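The basis for the numbers below is simple: all heavy atoms, side chains too, and nothing from hydrogens, waters or symmetry mates. This one's a predicted model, so the numbers in the text were calculated from it and none came from an experiment.
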Amino acid sequence: MPASLPTPCLCLVTDAALAHDELVERVSNAVEGGVDLVQLRYKSLPGGQLLDLTSSVLEAMGGRAKLVVNERADVALAAGAHGVQLGEEGLPVAAARRILGEGLLIGRSVHSTEVAVQAELDGSDFLVVGTMYASRSHIGELPAGPGLMWEISSKCHLPLIGIGGVVPENTAELIEAGASGVAVITNILAAEDPRTAAERLKEILVASWNTRMNPPDVGTGDG
């Protein structure tokens, strides 16, 4: 059966600065608050340690959300995760598919319409589109803004997740621009209560999605 994302999708990207035990607890709380997809991103962690951490996060999530591992298709498969998230210059989608098979998710990070179109042709299941707004994780990087989301959504038919500086106040704008979800780091993981932060963002996300899918009727008047 083809892999798919929940829609709309609230994605949580992990913060490598957190101690592993704290990360597992915060991810579990965030999932309880409504996170649908967790991207485990630890670029410098050795494979064995990443496998252990992936297994711990999966156990803490308890099947309440999907987990993808950044870049490491081998670790994702070994841990029983739901797929992999590939960087724009990362492993080719076809190579990841050979490792994972047809039942697991393959996401690709994209920063231009051209790369997005190619990623869809290559067989990606979803795209993470950035950088939408200025963010602490990409200091000095000029944000593309929702205009890029509008452009990619007009040319691609995959689920699109907006990332970069996403907060409750700009979530609706991204959904209106064609996103199927949003990805956050700080807004949830750095919150005093990750569950409450996730609940607030998920509520706005769902309301925005419902408005887009079921726009209110606009009267035409009497003439």
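- Ser28 and Arg64 share a donor-acceptor pair across their side chains, judged by distance under 3.5 Å alone.
- The nearest pair of heavy atoms linking Val13 to Ala183 is CG2-CB, 4.2 Å.
- Evaluation of the side chain to side chain donor-acceptor pair (under 3.5 Å) test over residues 161-179, restricted to residues two or more places apart or in two chains, returns Tyr133-Glu173, Glu169-Arg200.
- Looking only at side-chain heavy atoms (C-beta outward), Ile188 and Arg26 stay at 4.5 Å or farther from each other.
- Side-chain atoms of Asp125 and Ser4, non-hydrogen and from C-beta on, never get closer than 4.5 Å to each other.
- Nearest heavy-atom pair, Gln85 versus Ser109, reported as atom, atom and distance to 0.1 Å: NE2-OG, 2.9 Å.
- When the side-chain hydrogen bond (donor to acceptor under 3.5 Å, both in side chains) test is applied to Glu114, no partner is found at least two apart in sequence or on another chain.
- When side chains are defined from C-beta on, Ser124 counts as touching Leu158, because their heavy atoms get closer than 4.5 Å.
- Contact between Gly123 and Arg97 at its shortest, heavy atoms only, is O-NH2, 3.5 Å.
- For Lys202 and Asp36, the salt-bridge test passes: some basic side-chain N is under 4.0 Å from an acidic carboxylate O.
- Pairing each heavy atom of Gly130 with each of Leu148, the nearest pair is O-CD2, 3.7 Å.
- Through side-chain heavy atoms spaced under 4.5 Å, either directly or across other Ile, Leu, Val, Met, Phe, Trp or Tyr residues, Trp150 is tied to no other residue.
- Closest non-hydrogen pair, Thr14 versus Leu189, comes out as CA-CD1, 3.7 Å.
- Side chains of Leu40 and Leu23 form a contact here, defined as non-hydrogen atoms less than 4.5 Å apart.
- Under the 3.5 Å distance criterion, the side-chain polar atoms of Gln39 are left unmatched by any main-chain donor or acceptor of Cys11.
- Using a 4.5 Å heavy-atom threshold, the side chains of Leu174 and Ser208 count as separate.
- Val84 is not listed as a side-chain neighbour of Val68, based on a closest heavy-atom distance of 4.5 Å or more.
- Residues meeting the salt bridge (Lys or Arg N to Asp or Glu O under 4.0 Å) test with Asp15, sequence neighbours left out: none.
- Among residues two or more places apart in sequence or in another chain, the side-chain hydrogen bond (donor to acceptor under 3.5 Å, both in side chains) test is passed with Thr211 by none.
- Shown here are the side-chain hydrogen bond (donor to acceptor under 3.5 Å, both in side chains) partners of Arg195, two or more places apart in sequence or in another chain: Glu32, Glu199.
- Taking Arg108 as the reference, nothing meets the salt bridge (Lys or Arg N to Asp or Glu O under 4.0 Å) condition, with sequence neighbours excluded.
- For the pair Leu127 and Ala119, the tightest heavy-atom approach, listed with the atom from each and the gap, is CD2-CB, 3.6 Å.
- The stretch residues 65-87 participates, sequence neighbours left out, in these salt bridge (Lys or Arg N to Asp or Glu O under 4.0 Å) pairs: Arg72-Asp74.
- Taking the side-chain contact (heavy atoms from CB on, under 4.5 Å) definition, one finds that Leu77 meets it with Ile99, Leu100, Leu104, sequence neighbours left out.
- Every residue two or more places apart in sequence or in another chain that forms a side-chain hydrogen bond (donor to acceptor under 3.5 Å, both in side chains) with Asp193 is listed here: Thr196.
- Rounding to the nearest 0.5 angstrom, the gap separating the CD1 atom in Ile163 from the CD1 atom in Ile185 is 5.5 Å.
- A side-chain contact (heavy atoms from CB on, under 4.5 Å) with Val31 holds for exactly one of Leu67, Val38, Leu12; it is Val38.
- With sequence neighbours excluded, no residue satisfies salt bridge (Lys or Arg N to Asp or Glu O under 4.0 Å) with Glu88.
- Residue pairs meeting the side chain to side chain donor-acceptor pair (under 3.5 Å) criterion with at least one partner in residues 45-57, sequence neighbours excluded, are absent.
- Heavy atoms from other residues, nucleotides or ligands lying under 6.0 Å from CD of Glu22 number more than 12.
- Within the 4.5 Å cutoff, the side chain of Pro92 has no heavy atoms near those of the Asp122 side chain.
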